[in-house]
Amino acid sequence: QVQLQESGGGLVQAGGSLRLSCVVSGRTFSTDAAGWFRQTPGKEREFVATISVTGAYTVYADSVKGRFTISRDNARSTMYLQMNSLKPEDTAVYSCAAKIGRISVISAEYRSWGQGTQVTVSS
């Protein structure tokens, strides 16, 4: 029932920036907490950032803190991940996810997922 669709991935040089977008449909996005996760082949999914229903609370992985910014526009049912000062180790498939209730850094607590968008950072 809930659908999420990411966009904005691509190839960028180290030190560059990308902005990922995630459009949510199927239920009222303003009632959901949401987050971004990333994954590389052979590696488990890694938490990146999460944001509360109103956007008042955010949590970031230590590896991206100070470089990435998560935000949301509930009127457009859209969540964003602004990624600055990108590093080669940021290369991954980035997926957005939504859940009812408070924010969470645990991927298993999210039941609605997008298909993912590839981010590749060259050195």
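These values consider heavy atoms only, across backbone and side chains, with no hydrogens, waters or symmetry-generated copies. Predicted, not measured: the structure shown is a model, and the values here were computed from it.
Listed for the Thr50 side chain is a donor-acceptor partner under 3.5 Å among the backbone atoms of Ala34. Not a single donor-acceptor pair under 3.5 Å links the side chain of Thr91 to the backbone N or O of Thr120. In this structure, the side chain of Glu6 engages the main chain of Gly116 through a donor-acceptor pair within 3.5 Å.
Between Tyr94 and Met83, the closest side-chain pair of non-hydrogen atoms falls below 4.5 Å. Annotation: side chain of Met79 is not in contact with side chain of Val24 (no heavy-atom distance under 4.5 Å). Within the 4.5 Å cutoff, the side chain of Tyr57 has no heavy atoms near those of the Val59 side chain. A 4.5 Å side-chain heavy-atom check between Leu11 and Val119 finds every atom pair outside the cut-off. In this structure the side chain of Phe68 reaches within 4.5 angstrom of the side chain of Val48, judged on heavy atoms. Trp36 is listed as a side-chain neighbour of Ile70, based on a closest heavy-atom distance under 4.5 Å.
Side-chain polar atoms of Asn74 and Arg76 form no donor-acceptor pair below 3.5 angstrom. Using a 3.5 Å distance cut-off with no hydrogens or angles, the side chains of Asp73 and Thr78 do not pair a donor with an acceptor. Looking only at atom types and distance, the side chain of Ser104 has a donor-acceptor partner in the side chain of Glu109 under 3.5 Å away.
Across all their heavy atoms, Arg102 and Lys99 have their closest contact at O-NZ, 2.9 Å. The shortest non-hydrogen separation linking Leu81 to Ala49 is CD1-CB, 4.4 Å. The shortest heavy-atom contact between Gly101 and Ala33 is O-CB, 3.2 Å.
Salt-bridge annotation for Lys87 and Asp90: absent, with no side-chain N of the basic residue lying under 4.0 Å from a carboxylate O of the acidic one.
Only one option out of Asp32, Val2, Thr31 pairs with Ile100 in a side-chain contact (heavy atoms from CB on, under 4.5 Å); it is Asp32.
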Cut-off 3.5 Å, no hydrogens considered: what does the side-chain donor-acceptor table look like for residues 39-46, sequence neighbours left out?
from, atom 1, to, atom 2, distance (Å)
Gln39, NE2, Lys43, O, 3.1
Glu46, OE1, Arg38, NE, 3.0

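In this structure, CD on Gln82 lies 6.0 Å from OG on Ser17, to the nearest 0.5 angstrom. Expressed to the nearest 0.5 Å, how far CZ of Arg67 lies from OG of Ser85 amounts to 7.0 Å. Interatomic distance, Leu18 CG to Asn84 CG, rounded to the nearest 0.5 Å: 9.5 Å. For the atom pair Ile51 CD1 and Ile103 CD1, the distance stands at 9.0 Å (nearest 0.5 Å). Atom-to-atom distance recorded for Tyr110:OH and Phe37:CZ is 4.5 Å, nearest 0.5 angstrom.
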List the steps and the verdict of side chain to side chain contact (heavy atoms under 4.5 Å, CB included) for Trp113 and Ser107. CA-CA 10 Å; Trp113 294 84; Ser107 62; 4.0 Å; yes

Begin from the C-alpha positions of Leu4 and Ser112 and carry the test side chain to side chain contact (heavy atoms under 4.5 Å, CB included) through to its verdict. CA-CA 7 Å; Leu4 299 87; Ser112 302; 3.6 Å; yes

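Judged by the 6.0 Å and 45° rule, Arg72 forms a cation-pi pair with Phe29.
More than 12 non-hydrogen atoms from other residues, nucleotides or ligands lie less than 6.0 angstrom from CD of Glu89.
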